[in-house]
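Working notes for the structure below.
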Amino acid sequence: MNEFKKGTGIGNYVVLYPLTRKEYTQTYCVADKDHFQFFMKVYDMNHIPDFLRNGEDPQELWAYNHLGLCDYLPHLMCSGREKEGTTDIVYLVTKYFSGKLLSQYIEENGQLTQGEAQAVALALVKAIQHLHSHGVYHLDITPQNVLMEINSDGTYTPKLFDLEYACERRPAGEVAYKAKRFEKVDPYYSHTDLLSTQKVNESDDLFSIGAILYTMLTGKRPWDDCPITNDMPFVEQHINMVRWRKDHPVDSLLKPLVSVHPPMYEAMARTMDGRITNEELERLLEAPLSEVGRKSRINVDVQALSKEKKMGFAEIAGMDELKQNLGQRVLWPLKHPEKAMQYRLHLPNGILFYGPPGCGKTYFASKLAEELKWEMEFISTASLGSAYQHETQENIQKIFLRAEKHGHCVLCIDEIDGILSGRKEVSGNSSHNDEVNEFLVQMNECHKRGILVIGTTNRKDIIDPAALRTGRFDLLIEIKAPDLEMRKRLFEMYLANRPLAEDLNITELAELTEGYASSDIPFVVNEAALFAAIADKPVTQTHLTNVIKNHPSSLLITKPNRIGFQ
């Protein structure tokens, strides 16, 4: 597979620049039609090893399709299949994260503080808890596969990525994996049983976290003095590492760290000996540190990580009437199951959020899922489409089957008009009509399967009328531009924790932004904060009002000025 050049179109994306290249995969920074950046991984299906396939797809795509949302894992935005000359390719698209690898962070900063190591390790525990709960083992957790995403406030959030070697959990005793799959796993961060016998269980990922914890606290790989070299065959590397560990057990390796925070020392010892569960490791890592141990360049709130708070509607500024309405229609029956059973109440089958772009439709859907405490599958209509006959219908079937496996799942479909545009508008396009029919069939009483479908759209007017009837989308809810009170709360939210001048007048700012989209408010605040930062002064009312004057509401701009590709 040749490297794709800048400007090459892949699916609905355009290549900006290449990132990495291997024998059968390439990664790129790409942009969509609105010039937002994403990460894309491309598989050469002509050369991918059989042991990394799952049917006709890469194993990594299977893994992503089994996962919901997790703060410490990338989320699959979409995937697709194309023909590039004689080569079949499959591409996966996730959010583009800016930051640096954990290995780079350690190289630049040396040994991490206990606070940094604790925060990163706890985030990794949260990531693998999510993976394991969905029947997936990562099996390739190393400092090279942990990205330290840099946040707008300069803090870092660890993200575990690269599911290329991920495996499906199988019943005990079943021979599920080929030894060849594990040839390239890193011997320093892999469990001894995985290196010697290819036995797979949840302790493999836990071992890797303990090994990474050791590297963060020492700046070295565990058993770094083992006599193996990169030019050795993989099997020989693994055999040498297994033998070395027998002669140099975990206790002797960790002896220099015995004075480290005791729970953290115990976490390393027990994970690297395979004597701990996810929950026990989480408990050890949540133990409070001393004042010295808390110091951290990463500046991640460990308590927030350990609780992984999902605030639901509490994080939404304003929209009180809508929250109350959904509280009664959706949440009340769940909180009062006996009454719901007595009166034979059931949840809505589907909810359609419609309205102008940038006003929080998708965000509101995610907060509703948090209130429900259900899994959420986010689907873009682009990921459903296919050039192959009937494949779009199969994709629609798959997402409903996957949602049903969660037990209770919010299936959020962004820009649903892309799949449910009216059949009369595409007369003669039998394949589109079949796709609409398939979606409507899957939606029928899907609440009985534990699925709540939420669709978002800017074009309710073009959606097929059959989808808008009760029994499919029971609730049609317009999400409008934020009102005055909501704009006040948005300004308060986004101005918080910034250097601010005393002359700020939130009410005036809210009045000046009448007709602005919800997404316009953080843009205004960030632009003003940028000018203030450059001048090394607090954010003033003048900074904010100048930005507002120069940037009208995005809802009023019909032809925005955008930077085009060269």
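None of these values were measured; they are calculated from a predicted model. All values below were derived from every heavy atom in this structure, side-chain atoms included, with hydrogens, water molecules and symmetry-related copies excluded.
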Return yes if some donor-acceptor pair links the side-chain N/O of Gln111 with the main-chain N/O of Leu217 below 3.5 Å, else return no.
yes
To check you understand the geometry: which heavy-atom pair defines the closest contact between Cys167 and Leu139, and what is its length?
SG-CD1, 3.6 Å
Does Gln59 form a side-chain hydrogen bond (donor to acceptor under 3.5 Å, both in side chains) with Asn54? I'd like the steps, not just the answer.
CA-CA 5 Å; Gln59 181 81 1; Asn54 191 293; 3.2 Å; yes
4.5 Å side-chain heavy-atom contact, Pro227 and Trp244
yes
Please assess Ile276 against Leu284 for the test side-chain contact (heavy atoms from CB on, under 4.5 Å), listing each intermediate value before the final yes or no.
CA-CA 10 Å; Ile276 199 169; Leu284 289 171; 3.8 Å; yes
In Å, rounded to the nearest 0.5 Å, how long is the span from NZ of Lys361 to OG1 of Thr456?
6.5 Å
Sorted by chain and number, sequence neighbours left out, side-chain contact (heavy atoms from CB on, under 4.5 Å) with Ala528 holds for Val539, His543, Leu544, Val547
Run the ring-ring contact (aromatic ring centres under 6.0 Å, His included) test on Phe364 and Phe313 for me, step by step, so that the C-alpha distance in whole Å, both residues' side-chain angles and the decisive distance to 0.1 Å come before the verdict.
CA-CA 8 Å; Phe364 198 96; Phe313 287 166; 5.3 Å; yes
Nearest non-hydrogen partners of Ile106 and Gly219, listed with the distance:
CG2-CA, 4.2 Å
Quick check: His132 with Tyr137 (ring centres under 6.0 Å apart)?
yes
With rounding to the nearest 0.5 Å, note down the distance linking CD in Gln129 to OG1 in Thr277.
9.0 Å
Glu116 and Val120: CA distance, side-chain angles, deciding distance, side-chain contact (heavy atoms from CB on, under 4.5 Å) verdict:
CA-CA 6 Å; Glu116 291 174 322; Val120 173; 5.5 Å; no
For Arg498 and Asn526, does a side-chain donor sit closer than 3.5 Å to a side-chain acceptor?
yes
Would you mind reporting whether Cys412 and Glu377 have side-chain heavy atoms less than 4.5 Å apart?
no
Heavy-atom nearest pair, Ala403 first then Cys409, reads O-CB, 3.4 Å
Got a salt bridge between Glu492 and Arg489, using NZ or NE/NH1/NH2 to carboxylate O under 4.0 Å?
no
Could you grab the distance from atom CE of Met272 to atom CG of Leu253, nearest 0.5 Å is fine?
5.0 Å
Return the CE to CD1 distance between Met216 and Ile209, rounded to the nearest 0.5 Å.
9.0 Å
Between Gln104 and Leu101 (side chain of the first, backbone of the second, donor and acceptor by atom type, cut-off under 3.5 Å), is there such a pair?
yes
Run the numbers on Phe97 and Phe39 for ring-ring contact (aromatic ring centres under 6.0 Å, His included), then give the verdict.
CA-CA 8 Å; Phe97 298 107; Phe39 172 86; 8.6 Å; no
Check Leu160, Thr271, Ile141 against Asp205 for a side chain to side chain contact (heavy atoms under 4.5 Å, CB included) and give me the one that passes.
Ile141
Separation between CE of Met77 and CZ of Phe38, rounded to the nearest 0.5 Å:
5.0 Å
Residue pair Tyr188 / Thr215, side-chain heavy-atom distance below 4.5 Å:
no
Crowding at CG, Asp536 (>12 non-hydrogen neighbours, <6.0 Å)
no
Listing request: all salt bridge (charged side-chain N to carboxylate O under 4.0 Å, His left out) pairs with a residue in residues 142-151, at least two apart in sequence or in separate chains.
Lys95-Glu149, Glu149-Lys159
Could you name each residue pair satisfying salt bridge (charged side-chain N to carboxylate O under 4.0 Å, His left out) that touches residues 56-65, not counting sequence neighbours?
Lys41-Glu60, Asp57-Arg81
Sidechain N-carboxylate O distance under 4.0 Å for Asp50, Arg53
yes
Could I get the full list of side-chain contact (heavy atoms from CB on, under 4.5 Å) partners for Thr142, not counting sequence neighbours?
Asp140, Gln144, Asn145, Asp186, Tyr189
Could you name each residue pair satisfying ring-ring contact (aromatic ring centres under 6.0 Å, His included) that touches residues 265-286, not counting sequence neighbours?
none
Ile351 and Leu326: side-chain contact (heavy atoms from CB on, under 4.5 Å), yes or no, with the steps?
CA-CA 10 Å; Ile351 302 172; Leu326 287 174; 4.1 Å; yes
Whether Ser203 side chain and Leu206 backbone form a donor-acceptor pair below 3.5 Å:
no
Taking the side chain as every heavy atom from C-beta outward, state whether Leu411 and Ile399 have any atom pair closer than 4.5 Å.
yes
Please answer whether the main-chain N or O of Phe161 pairs with a side-chain N or O of His138 as donor and acceptor at a distance below 3.5 Å.
yes
For the backbone of Lys126 and the side chain of His130, can you confirm whether one donor and one acceptor N or O come within less than 3.5 Å of each other?
no
Chi angles and distances behind the side-chain contact (heavy atoms from CB on, under 4.5 Å) call for Val42, Leu92:
CA-CA 7 Å; Val42 180; Leu92 290 65; over 6 Å; no
Tell me every residue that passes side-chain contact (heavy atoms from CB on, under 4.5 Å) with Asp251, counting only those two or more places apart in sequence or in another chain.
none
Is it the case that the side chain of Ser190 and the backbone of Pro187 share a donor-acceptor pair, with hydrogens and angles ignored and the cut-off at 3.5 Å?
no
Within-4.5 Å side-chain heavy-atom neighbours: Val185 and Phe234:
no
Decide yes or no for His238 and Ser196: does some side-chain heavy atom of the first lie under 4.5 Å from some side-chain heavy atom of the second?
no
Is Thr25 reaching over with its side chain to a backbone N or O of Arg21, donor-acceptor style, under 3.5 angstrom?
no
What residues form a ring pair (Phe, Tyr, Trp, His ring centres under 6.0 Å) with Tyr43, not counting sequence neighbours?
none
Check: Met241 and Trp223 side chains under 4.5 Å, non-hydrogen atoms
yes
Going by ring pair (Phe, Tyr, Trp, His ring centres under 6.0 Å), name the residues that satisfy it together with Tyr64, two or more places apart in sequence or in a different chain.
none
Tyr28: what forms a ring pair (Phe, Tyr, Trp, His ring centres under 6.0 Å) with it, not counting sequence neighbours?
Phe4
Listed by chain and number, what are the side chain to side chain donor-acceptor pair (under 3.5 Å) partners of Tyr24, not counting sequence neighbours?
Glu164
Are any of the side-chain heavy atoms of Leu213 and Met264 separated by less than 4.5 Å?
yes
First locate atom NE2 of His191, then atom CG of Leu194, and finally report the distance between them rounded to the nearest 0.5 Å.
8.5 Å
Could you list the residues that satisfy side-chain contact (heavy atoms from CB on, under 4.5 Å) with His408, not counting sequence neighbours?
Trp374
Heavy-atom count check: over 12 atoms from other residues, nucleotides or ligands less than 6.0 Å from Glu236 CD?
yes
Sequence neighbours left out, what passes ring pair (Phe, Tyr, Trp, His ring centres under 6.0 Å) with Tyr214? Give chain and number order.
none
